[in-house]
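Here the structure comes first, spelled out in structure tokens, and everything after it is commentary.
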Protein chains: 2
Amino acid sequence: MDPTLDRTFAALADPTRRAILSLLLEDDMAVTDVAEPFEMSLAAVSKHLMILSRAGLISQEKRGRVKWCKLEPDAMRAASTWMKGFGQFKELDFDAFERFLEEEDLS
Amino acid sequence: MDPTLDRTFAALADPTRRAILSLLLEDDMAVTDVAEPFEMSLAAVSKHLMILSRAGLISQEKRGRVKWCKLEPDAMRAASTWMKGFGQFKELDFDAFERFLEEEDLS
DNA sequence: CGCTTATTCAACCATCTGGTTGACGATCCG
DNA sequence: CGGATCGTCAACCAGATGGTTGAATAAGCG
């Protein structure tokens, strides 16, 4: 029911966006530089960045003309936590998993 | 570029489908039983199960009239591996991460 | 055989997605 | 100031998504 988790997984479902995240792993980048390796318009990349931003996977800060994009690990960590918790309890203790979901509010 | 990873993350982006996976964690279930807790038509749940199935997150086996749905951990593991690898190399060794991506073919 | 249960199919609908192009606002620079 | 660069906005498009309903297929049961 967590809308953030929805947005995070949805954002990760696109290969262009995963590639953008890989780029940002190297360093913070301006929007134009993020767009450079992709064979699509700047506007399209800008939209992808907006989706990543609303999903909490990146943050954007405008300094002068240039908008800098920066990886934000927390959102991905939340998604990873959901998956980890999921596997952790398989064939083990379903009640414990239920409690885990309630605690984390990540059902 | 891995279409399976695309489908896996896309499948996980829907709260109904994540809830279905939680149900299946408890036990294998028939389609009708999976649908029971949800306030939507059986056809809608059937579609969700199809999406989970094509994403590799579950398998479905028909025995008699009844189609049994079973959790398949491999797909989620692949997604989890992508995320884990992602975090693992942050601010550490970008070249190693690049190699990881190539090896895993999970860019 | 005929009824009931299990599940999908088909058509339809509203909304979202990923892309385009062209215009626009903002900022830096000579 | 005037021009170039950075980035978004707006309108548009084709196709996917998540839901509905009603009919169809398939299998078990009396």
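Both backbone and side-chain heavy atoms feed into the values below; hydrogens, waters and symmetry mates do not. In what follows, every chain begins at residue 1, and chains take the letters A, B, ... in the order their sequences are listed. Since we're looking at a predicted model, the values are computed, not measured.
Atom-to-atom, CZ of Arg17(B) to C1' of dT17(D) comes out at 8 Å; the value is rounded to the nearest Å. The CG-P distance, from Asp33(B) to dT5(C), rounds to 14 Å in whole Å. Taking atom NZ on Lys62(A) and atom P on dT5(D), their separation rounds to 17 Å, with Å as the unit. Between the CH2 atom of Trp68(A) and the C1' atom of dC6(D) there is a distance of 12 Å, rounded to whole Å. Here dT17(D) presents its P atom at 13 Å from CE of Met50(B), a figure rounded to the nearest Å. A straight line from CG of Leu42(A) to C1' of dG22(C) spans 14 Å, rounded to a whole angstrom. Taking atom CE of Met40(A) as the reference point, atom P of dC13(D) lies 21 Å away to the nearest angstrom. Glu61(B) places its CD atom 16 Å from the C1' atom of dT7(C), with the value rounded to the nearest Å.
Here the side chain of Val66(B) is nearest to one of dC6(D), dT7(C), dC9(D), namely dT7(C).
Residue-level contact check: Ile51(A) touches the backbone only, with heavy atoms under 4.0 Å from sugar-phosphate atoms and none from bases. Residue contacts shown for Ala43(A) include a base, since a base heavy atom lies under 4.0 Å away. Residue contacts for Arg63(B): at a heavy-atom cut-off of 4.0 Å it reaches no nucleic acid atom on any strand shown.
With Val45(A) as the fixed residue, the side-chain contact (heavy atoms from CB on, under 4.5 Å) test singles out one of Val34(A), Thr16(A), Thr32(A): Val34(A).
Dashed line: the shortest gap from a side-chain N or O of Ser46(A) to OP1 or OP2 of dT8(D) is under 4.0 Å. The side chain of Lys67(A) contributes an N or O atom lying less than 4.0 Å from OP1 or OP2 of dT8(D). Here Arg65(B) does not reach the OP1 or OP2 of dT4(C): none of its side-chain N or O atoms lies under 4.0 Å away. OP1 or OP2 of dT20(C) sits under 4.0 Å from a side-chain N or O of Ser41(A).
Between Arg18(B) and Phe9(A) the shortest side-chain heavy-atom distance falls below 4.5 Å.
Where Val31(B) and Lys47(B) meet DNA chain C, the nucleotide closest to each residue was compared, and Val31(B) sits on the side nearer the 5' end.
Once rounded to the nearest 0.5 Å, the distance linking CG of Leu57(B) with SG of Cys69(B) reads 12.5 Å.
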Q: Using the side-chain contact (heavy atoms from CB on, under 4.5 Å) rule, take Leu49(A) and Lys67(A) through it: C-alpha gap first, then chi angles, then the decisive distance, then the call.
A: CA-CA 11 Å; Leu49(A) 288 168; Lys67(A) 199 168 196 177; over 6 Å; no
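Taking the side-chain contact (heavy atoms from CB on, under 4.5 Å) definition, one finds that Ser53(A) meets it with Ile58(A), Gln60(A), sequence neighbours left out.
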